[in-house]
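Throughout, protein chains are lettered first and strands after them, A, B, ... in sequence-line order, and every chain is numbered starting at 1. Quick caveat: nothing in here was measured; it's all calculated off a predicted structure.
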Protein chains: 2
Amino acid sequence: MRFSKQRELIQHIVQGTNSHPTAYWIFNKAKKKISNISMGTVYRNLNKLNNDGVIKIFYDNNIARYDWNTVAHDHLKCNKCGKITDINMHTKELQKKVWNQYKFEADNIEITISGICNNH
Amino acid sequence: MRFSKQRELIQHIVQGTNSHPTAYWIFNKAKKKISNISMGTVYRNLNKLNNDGVIKIFYDNNIARYDWNTVAHDHLKCNKCGKITDINMHTKELQKKVWNQYKFEADNIEITISGICNNH
DNA sequence: AATATAAATAGTAATAATTCCTATTACTGT
DNA sequence: ACAGTAATAGGAATTATTACTATTTATATT
Ligand SMILES: [Mn+2]
Ligand SMILES: [Mn+2]
Ligand SMILES: [Zn+2]
Ligand SMILES: [Zn+2]
């Protein structure tokens, strides 16, 4: 993979926030440094970085969000303030259970819990 | 809520399959009975039925799927054949854990597990 | 340093998924 | 039967994402 300052910037933006940003948020942030950057470039590079395991993509209802934290973990989403927080459920146990009960070879477990966070 | 034959048909379609269909699949099925039905009508009524607790909506990556089974349960998605199967994890425990550890009031827990099903 | 190459980008068009708008329709009470 | 009104239907609009292509840029080779 060839170097590109666009991809480097996009990676830095994702790695510089805990907010689990959307592509559009990243695009707007990137524009401040590279004013003519395009959405196509943002999406192309986010997917590339995800495929390389540099960042992680996940879906919040029907929109993609990007996460610098590539270690398996889960999320709490507050319905009041929209904040998405990292949590850790031990999914290894679920993985085993699913194999024992359903003979299903799980390679990805996503748990998204929505509700009301401790700020309210 | 006023009666409409469109909504009745949409409800019947969702309740008549275990395939966790998308809006588009439901739309195509509905067209066979009401040829001029529109996507807007399909979405509006699916959301209405979901809000009334008649059916349940969930998201498979970035697209909505609809489920006649309104009792809390989770899903296995096969990456080879695309089949989505119902499973039961005890989310009550997770709910408690999240409250104890993070003081987060969970009102919805969605677990989607992807991998390879026992047909392969 | 100049050149060749192949990959990446910008800009735009296309597609897919969903929501919004407004004329029409159907339930309710007279 | 009729009027009033709120819900509905269909299509237009919006949003999110991907595809296309001429141009630019990084890197390897001379
Ligand atoms: Mn995270
Ligand atoms: Mn189900
Ligand atoms: Zn909150
Ligand atoms: Zn399968």
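No more than 12 heavy atoms of other residues, nucleotides or ligands sit less than 6.0 Å from atom NZ of A:Lys96.
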Ignoring hydrogens and angles, write down the donor-acceptor pairs under 3.5 Å from the side chains of residues 18-40 of chain A, residues two or more places apart or on other chains.
from, atom 1, to, atom 2, distance (Å)
A:Asn18, OD1, A:Trp68, NE1, 2.9
A:Ser19, OG, A:Thr17, OG1, 2.8
A:His20, ND1, A:Asn18, O, 3.2
A:His20, ND1, A:Ile84, O, 3.3
A:His20, NE2, A:Asp67, OD2, 3.1
A:His20, NE2, A:His75, NE2, 3.2
A:His20, NE2, A:Asp86, OD1, 3.0
A:Thr22, OG1, A:Trp25, N, 3.2
A:Asn28, ND2, A:Tyr24, O, 3.2
A:Ser38, OG, A:Thr41, N, 3.4
A:Ser38, OG, A:Thr41, OG1, 3.2

Task: Per-nucleotide protein contact string for nucleotides 8-17 of chain D (B base, S sugar-phosphate only, - none; heavy atom under 4.0 Å) - done: SBBB----SB
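Reading DNA chain C from its 5' end, the first and the last nucleotide to sit under 4.0 Å from a heavy atom of chain B are C:dA17 to C:dC27.
A:Ile111 pairs in a side-chain contact (heavy atoms from CB on, under 4.5 Å) with only one of the listed residues (A:Leu94, A:Leu76, A:Ile87), which is A:Leu94.
Within the 4.5 Å cutoff, the side chain of B:Leu46 has heavy atoms near those of the B:Ile10 side chain. With contacts defined as side-chain heavy-atom distances shorter than 4.5 Å, the pair B:Trp99/B:Glu105 qualifies. In this structure, the side chains of B:Ile113 and A:Phe104 come closer than 4.5 Å at one or more pairs of heavy atoms.
By the criterion of side-chain heavy atoms lying less than 4.5 angstrom apart, applied directly or through intervening Ile, Leu, Val, Met, Phe, Trp or Tyr residues, B:Tyr66 is not grouped with A:Tyr59; the two fall into different hydrophobic clusters.
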